[in-house]
Amino acid sequence: MLITESVSKINIIFILLGLGALGVVGLIAYRHHQKKNFDLTPRDRSGNQLETDEDIQNDPSQAEVYEGDFGFTEWEDSFESLFQEYGLVDIRNGMLEFETGENSRLFVMLAEMKQANPYLKTHSELNQASIFMEVFLNMLKSPLKMTAQNQKVELTDFLNELQEQSQYMKGSNDAMKEYARNVLDNTKDYQKEADRFENRVYAQFMAIVEPDEVYGDTTEILEQRIQEKALDKLLRQIVRANDVLMRADHGLVALDQYGLVEVLHNTFHRESSIKVRFEDIIKRQRVGLFTTAKQPDKLFKEVKERIEIENKLLAHARDAMWLQKQIDLADKLVQNQEISKTTQNSEDTLSELANLD
């Protein structure tokens, strides 16, 4: 009887162990069935599934030429869309205006910080610069952002001025002018090929104009006073910071409208801005690479004629300025001669009076 009971207990234990093993195996199988591989279904940023045709997607002839967030027809609006993403409203009076969404207007102005070589300073000068920099950082009340850009060393303006002066120097012949032109052209080519960069630091000052700070009878007057208020706030910050930083040889120079747009041009065109300078684009009025509108021959001839007239007027004005300069030098020479004669006569008179005495 005891043996039968023990055998039955052992059977029950084996049955329970078997059922437990079956449960564990079933749980493992269920979990393995629930696992999924990485979902490669096309979807947007919100997680919504996109309807795509795999046959068209794998067919090169049916694929779009321009894939991505925008197509070719939307290319001209890409920068406007980019500025809208950043919340940039306008660029005016050397200021960037941004949206705040809080019934106020945010303005940003850039100021370039002058650089100094610390290796040319003594230990006391370095300590003084560190002290004034610490004073500047502690006196900040509004948000400030510092950015740095590596820009290529540019001597184009200086070389262009030398080349212009060399071509209009009186007393020089054609051979001398040609030699000067070749030397300066070779220098410009070397400047474009040589990789010489300099670091430029820009401080971004911010100011917020609230509705209760300005008033106006019309929308135009109110807009004007908003711009004036923002400009006044930003210039006060720059002047106050410059008073401290100039003692550390890091003075600030506020950028005007041209300088601000030039920084944006160099920022968005890191490589092309080295060869195509923003100043050259403005001088040559090449704001577009290609002329898309059809121009009649009459208009083309009129523009060409006006360009020739402008060049002639510039050359005439240059010659007139040179002649005026020569006349001024001759007048100064005559005045110096008269002064020397007067001085000599005075000395002779004094010597005669001395002899009489």
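Only heavy atoms go into these numbers, but all of them, side chains included; no hydrogens, no water, no symmetry mates.
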Quick one: pull up [atom1] in [X] and [atom2] in [Y] and give me the separation to the nearest 0.5 Å.
{"X": "Glu97", "Y": "Ile226", "atom1": "CD", "atom2": "CD1", "result": "8.0 Å"}
{"X": "Thr187", "Y": "Asn182", "atom1": "OG1", "atom2": "CG", "result": "10.5 Å"}
{"X": "Asp243", "Y": "Phe132", "atom1": "CG", "atom2": "CZ", "result": "11.0 Å"}
{"X": "Thr122", "Y": "Gln128", "atom1": "OG1", "atom2": "CD", "result": "9.0 Å"}
{"X": "Phe205", "Y": "Leu140", "atom1": "CZ", "atom2": "CG", "result": "7.5 Å"}
{"X": "Asn93", "Y": "Met109", "atom1": "CG", "atom2": "CE", "result": "8.0 Å"}

Handout entry: Side-chain touch Leu120/Glu125, heavy atoms, less than 4.5 angstrom
Key =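 No, every pair of side-chain atoms sits at 4.5 Å or beyond.
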
Exercise for the section: Looking only at non-hydrogen atoms, find the nearest pair between Gln237 and Ser142 and report the distance. Expected result: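 Looking at all heavy atoms of both residues, the shortest contact is NE2-OG, 3.7 Å.
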
Practice task
List the atom of His250, the atom of Ala116, and the distance in Å for their closest heavy-atom pair.
Solution key: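 What the structure gives for the nearest pair is CE1-N, 4.0 Å.
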
Kindly write out the residues that satisfy salt bridge (charged side-chain N to carboxylate O under 4.0 Å, His left out) with [X], not counting sequence neighbours, or none if the list is empty.
{"X": "Asp256", "result": "none"}
{"X": "Asp232", "result": "Arg236"}
{"X": "Lys233", "result": "Glu213"}

Would one find more than 12 heavy atoms of other residues, nucleotides or ligands at under 6.0 Å from atom [atom1] of [X]?
{"X": "Lys145", "atom1": "NZ", "result": "no"}
{"X": "Lys177", "atom1": "NZ", "result": "yes"}
{"X": "Tyr258", "atom1": "OH", "result": "yes"}

Problem - Check against side chain to side chain contact (heavy atoms under 4.5 Å, CB included), Ile91 and Gln257 - result: CA-CA 8 Å; Ile91 302 175; Gln257 182 78 5; 3.7 Å; yes

Practice task
Check the pair Arg240, Lys141 against side chain to side chain contact (heavy atoms under 4.5 Å, CB included), reporting the backbone distance first and the verdict last.
Solution key: CA-CA 11 Å; Arg240 186 166 56 250; Lys141 297 181 180 179; 5.6 Å; no

Exercise for the section: Indicate whether the side chain of Glu228 and that of Gln224 have a donor and an acceptor atom separated by less than 3.5 Å. Expected result: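 Glu228 vs Gln224: donor-acceptor pair found between side chains.
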
Practice task
Would you tell me whether Asp328 and Gln324 have side-chain atoms, one donor and one acceptor, within less than 3.5 Å of each other?
Solution key: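 Short answer, yes.
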
Handout entry: Arg181 with Glu178: basic N within carboxylate O range, under 4.0 Å
Key =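 Yes, charged N to carboxylate O under 4.0 Å.
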
Exercise for the section: Kindly determine whether Met133 and Leu245 satisfy side chain to side chain contact (heavy atoms under 4.5 Å, CB included), including the steps that lead there. Expected result: CA-CA 7 Å; Met133 184 62 69; Leu245 290 177; 3.9 Å; yes

